[in-house]
Amino acid sequence: EVIAPQETFSQATQALNEGDADKAITTYNDLIEGDWHSPELYYNLGVAYQRQGKPNEALLQLFRAWLLQPFSEASRANFLSLAQDANLSSQTLKRLESQVSATAWRPPLTIGGLIAFWVGLFACIAFRLPVFRGLGVALVAIGLLLTGAAYYFHRQVPSAQAAWVVAEEAVPLRASHGKGAPRISSLSPLTEVELTARHDEWDYVKSASGSSGWVDSTVLAKITPWHS
């Protein structure tokens with residue numbers, strides 16, 4: 001029997017309300033694996049991980065909820081409250097807020113820029129009156145500015161392969177896949193990395209600092225699973 005995602009979500013939420021965080025987490029993650037995403041799901045999953053004593057997993061879920069509702073003050077407050085408890089640096093918080101802002105503003109800037117550009121181009125071609133052509137040139141210029149701003153924000157949006165280290169302690173970065181491989185260095189909890197390759201249960205990652213190597217995939221989680 002196939003159960004509708006909304007019904008499954010209700011069952012998971014009921015388990016969470018009854019204190020069964022393990023069941024709630026399993027059910028919420030089943031929904032995510034089935035490509036069902038919502039701010040409410042990630043918020044509830046964050047609460048469940050908090051109750052399990054996994055603050056880094058919880059923080060990621062609240063960040064996901066905020067990304068899906070970038071203009072929501074409630075989502076922002078929920079994330080920042082937990083982030084303060086996790087003692088995130090001001091630099092990290094600034095970077096994460098920039099990612100959310102970029103996620104929020106990229107779509108309207110892109111759409112607005114394309115509309116302004118093409119309307120302006122049409123005005124330049126279709127009308128002979130200087131006033132309309134002048135307006136067309138202005139709209140083309142505005143369109144180019146808006147699309148340029150959209151591209152700037154695009155570069156700050158987390159990519160489909162961006163992930164966090166969600167372990168509660170530093171994890172080893174190894175020269176090859178396998179626990180017996182030489183250790184290059186370590187990655188701190190909540191470090192953001194790019195996933196570039198996979199072998200069995202190991203991911204090859206690159207960090208912003210330039211470090212690269214193999215990490216146990218169980219300690220990594222994609223920031224935006226809805227882009228997988």
Side-chain angles (χ1 to χ4, degrees), residues 32 35-43 46 59-84 88-164 190-197 204-212 220-228:
I32 295 170
D35 202 26
W36 199 80
H37 312 277
S38 74
E40 294 79 15
L41 184 157
Y42 287 113
Y43 172 77
L59 195 64
L60 173 61
Q61 309 313 321
L62 295 186
F63 186 61
R64 288 170 170 173
W66 190 14
L67 283 172
L68 288 174
Q69 281 188 321
F71 292 111
S72 168
E73 281 300 318
S75 294
R76 179 177 183 273
N78 290 333
F79 173 78
L80 292 180
S81 176
L82 188 57
Q84 289 176 355
L88 287 186
S89 68
S90 58
Q91 182 178 2
T92 299
L93 282 175
K94 184 178 180 180
R95 174 175 57 81
L96 296 178
E97 290 203 72
S98 294
Q99 289 181 349
V100 175
S101 295
T103 300
W105 288 106
R106 182 183 60 170
L109 286 171
T110 301
I111 294 170
L114 289 173
I115 291 173
F117 177 83
W118 288 109
V119 170
L121 189 61
F122 174 79
C124 290
I125 296 172
F127 300 105
R128 294 184 178 181
L129 289 176
V131 64
F132 287 114
R133 288 195 171 184
L135 179 61
V137 170
L139 285 173
V140 168
I142 290 171
L144 291 174
L145 286 172
L146 290 177
T147 52
Y151 178 71
Y152 169 78
F153 282 129
H154 171 75
R155 297 180 63 184
Q156 298 184 53
V157 172
S159 74
Q161 298 304 315
W164 280 7
L190 302 178
T191 298
E192 184 174 324
V193 297
E194 282 290 316
L195 309 177
T196 61
Y204 189 81
V205 305
K206 293 183 179 180
S207 69
S209 65
S211 300
S212 60
L220 301 171
K222 286 187 176 182
I223 300 173
T224 58
W226 50 88
H227 288 154
S228 300

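- Nearest heavy-atom pair across A160 and H227 is CB-O, 3.5 Å.
- In this structure, a donor-acceptor pair under 3.5 Å is absent between the side chains of E40 and Q69.
- Summarising the geometry, atom CG belonging to L109 is positioned 11.0 Å from atom CG belonging to L145; distances are rounded to the nearest 0.5 Å.
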Determine, step by step, whether F79 and L96 satisfy the side-chain contact (heavy atoms from CB on, under 4.5 Å) criterion, reporting the C-alpha distance in whole Å, the side-chain angles of both residues, the deciding distance to 0.1 Å, and the verdict. CA-CA 10 Å; F79 173 78; L96 296 178; 3.6 Å; yes
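- Across every non-hydrogen atom of K206 and S212, the tightest pair is CG-CB, 3.8 Å.
- We find the CG-CG distance between L114 and L144 to be 10.0 Å, quoted to the nearest 0.5 Å.
- Annotation: side chain of L146 is not in contact with side chain of F117 (no heavy-atom distance under 4.5 Å).
- The shortest side-chain heavy-atom distance between H37 and R64 does not fall under the 4.5 Å cut-off.
- G46 and L62 make their closest contact through CA-CD2, 4.5 Å (heavy atoms, listed as atom of the first residue, atom of the second, distance).
- L88 is listed as a side-chain neighbour of L59, based on a closest heavy-atom distance under 4.5 Å.
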Under the side-chain contact (heavy atoms from CB on, under 4.5 Å) criterion, do Q61 and W66 qualify, and how do the steps go? CA-CA 9 Å; Q61 309 313 321; W66 190 14; over 6 Å; no
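- The CG atom of L67 sits 12.0 Å away from the OG atom of S72 when rounded to the nearest 0.5 Å.
- Side-chain contact check for S159 and E194: at least one donor-acceptor pair (N or O, by modelled atom type) lies under 3.5 Å.
- Between T92 and R95 the shortest side-chain heavy-atom distance falls below 4.5 Å.
- Around OH of Y152, the count of heavy atoms belonging to other residues, nucleotides or ligands within 6.0 Å does not exceed 12.
- Interatomic distance, L129 CG to L135 CG, rounded to the nearest 0.5 Å: 11.5 Å.
- By the 4.5 Å heavy-atom criterion applied to side chains, L139 and I115 are not counted as neighbours.
- The two residues C124 and G136 make their nearest non-hydrogen contact at SG-C, 3.5 Å.
- Considering every non-hydrogen atom in both Q156 and Q99, the closest pair reads O-CG, 3.3 Å.
- L190 contributes atom CG, which lies 8.5 Å from atom CG of L60 (distance to the nearest 0.5 angstrom).
- V119 places none of its side-chain heavy atoms less than 4.5 Å from the side chain of V140.
- Residues Y43 and S75 have side chains that never bring a donor and an acceptor to within less than 3.5 angstrom of each other.
- Around CZ of F132, the count of heavy atoms belonging to other residues, nucleotides or ligands within 6.0 Å does not exceed 12.
- Distance check: W164 CH2 to L220 CG gives 13.0 Å after rounding to the nearest 0.5 Å.
- Listed here is the closest heavy atom pair of P39 and A65: O-CB, 3.6 Å.
- Residue pairs satisfying the side-chain hydrogen bond (donor to acceptor under 3.5 Å, both in side chains) criterion with at least one member in residues 100-120, sequence neighbours excluded, are listed as follows: R106-H154.
- Contact annotation: the side chain of Y42 never approaches that of F63 to less than 4.5 Å [non-hydrogen atoms, C-beta and beyond].
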